[in-house]
Amino acid sequence: MLGAPVDGLSLDQFAERISMQVDRGNPCFVVTLNPELLYRAQHEKDLLDVINRAHLVTADGIGVVWACRVSGRPVPERVAGIDLMMRLLECAACKGWRVFFLGSAPGVAEEAAARAERMFPGLRVAGTHHGYFPDRENHEVISRIAGASPQLLFVALGSPRQERWIDRHLDLLGSVVAMGVGGSLDVLSGKVRRAPEWFSRRNLEWLGRLLNQPGRWRRMLVLPKFALLVLIKYKLRLGRFSV
Ligand code: UDP
């Protein structure tokens, strides 16, 4: 899709694949691809390269699901980062995997950890760290994560910082499945409410999110541009056109 790989898997299938990676002890980088990230990657070649180096890419955002359909390579469903994270937390509690939460404002990852441990009895949160650290502290953050040896690392540094961060440091983090989760720790901690299911059932989660966080409107201006780009490339088949 627009130069990025998107895996045509359902939520269950992603969870299964990730489970296999954990069992084999393979480092694994998961991108949850939404239209904003994919649109940005059209203008930042290095970001498109980062997405292409990911081991698994989910179609997060109804815009990407729609675009895959228009391009003639449909995916089975939307797989939102937060839904995959919740599913993996459930698996982690069952299988005894350790998890690490990196990102969000100070205190949020701790609160998310406490809530996750209540929601999924038996879950082992091996560590947390907030997401407002400068690059010069990368080394310290990485040592902390590697020292906790988690099987799952959820990175909430905002997109595309989180994808770039994982791509750059995966080799130093040990045998871990690392996934960018955007604002999901805010939701898990209870700091931000997820849009009611009514919205996601009608493919309107983006609207629910906008109503919850009106400050995001500017970021959403990219959606019509993304849609236009998809139509131009896959309906009109004007490969070299750019929006
Ligand atoms: N964030 C962070 N460090 C930063 C920038 C953002 O930890 O330097 C956090 C922010 O607090 C929020 C999350 O990253 O919890 C991402 O939020 P956003 O809603 O922008 O992400 P999206 O889901 O849209 O990718």
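Each ligand, and each atom within it, is numbered from 1 in the order the structure gives.
Among all non-hydrogen protein atoms, the one lying nearest atom 1 (N) of ligand 1 is Y132 OH, 3.3 Å. Shortest contact from atom 23 (O) of ligand 1 to any protein heavy atom: G183 N, 2.9 Å. Regarding atom 20 (O) of ligand 1, its nearest protein heavy-atom neighbour is R219 NH1, 3.0 Å. Among all non-hydrogen protein atoms, the one lying nearest atom 5 (C) of ligand 1 is L157 O, 3.3 Å. Distance from atom 3 (N) of ligand 1 to its nearest protein heavy atom, with residue and atom name: G131 O, 2.8 Å. From the protein, the heavy atom lying nearest to atom 19 (O) of ligand 1 is R216 NH1, 2.9 Å. Nearest to atom 12 (C) of ligand 1 among the protein's heavy atoms is D186 OD2, 3.3 Å.
Close approach of ligand 1 to S159 (heavy-atom distance below 4.0 Å) involves ligand atoms 25 (O). Shown in contact with G158 at under 4.0 Å from a heavy atom are these atoms of ligand 1, numbered in order with element: 13 (C), 14 (O), 16 (C). Atoms of ligand 1 lying under 4.0 Å from any heavy atom of A156, numbered from 1 in the order shown and given with element: 1 (N), 2 (C), 7 (O), 9 (C), 13 (C), 14 (O).
Polar contact with ligand 1: absent for V181 (N/O pair, distance under 3.5 Å). Here's the thing with Q162: none of its N/O atoms is less than 3.5 angstrom from an N/O atom of ligand 1.
For N52 (side chain) and G3 (main-chain N/O), a donor-acceptor pair under 3.5 Å exists by modelled atom type. Looking only at distances, no side-chain donor or acceptor of E163 sits under 3.5 Å from a matching main-chain atom of I51. A donor-acceptor distance shorter than 3.5 angstrom exists from the side chain of R124 to the backbone of G96, with no hydrogens or angles considered. Counting only distance, with no hydrogens or angles, the side chain of H129 and the backbone of L102 share no donor-acceptor pair below 3.5 Å.
Criterion: ILVMFWY side-chain heavy atoms under 4.5 Å apart, direct or through other members. Under it, I62 and L38 are part of a common hydrophobic cluster.
If you look at R161 next to ligand 1, the close heavy atoms, those under 4.0 Å, all belong to the side chain.
Exactly one residue among R168, R53, R164, R40 makes a salt bridge (Lys or Arg N to Asp or Glu O under 4.0 Å) with D46. That residue is R164.
Considering only non-hydrogen atoms, atom 7 (O) of ligand 1 lies nearest to S104 out of S104, A105, G182.
S71 and K233 share no donor-acceptor pair across their side chains, judged by distance under 3.5 Å alone.
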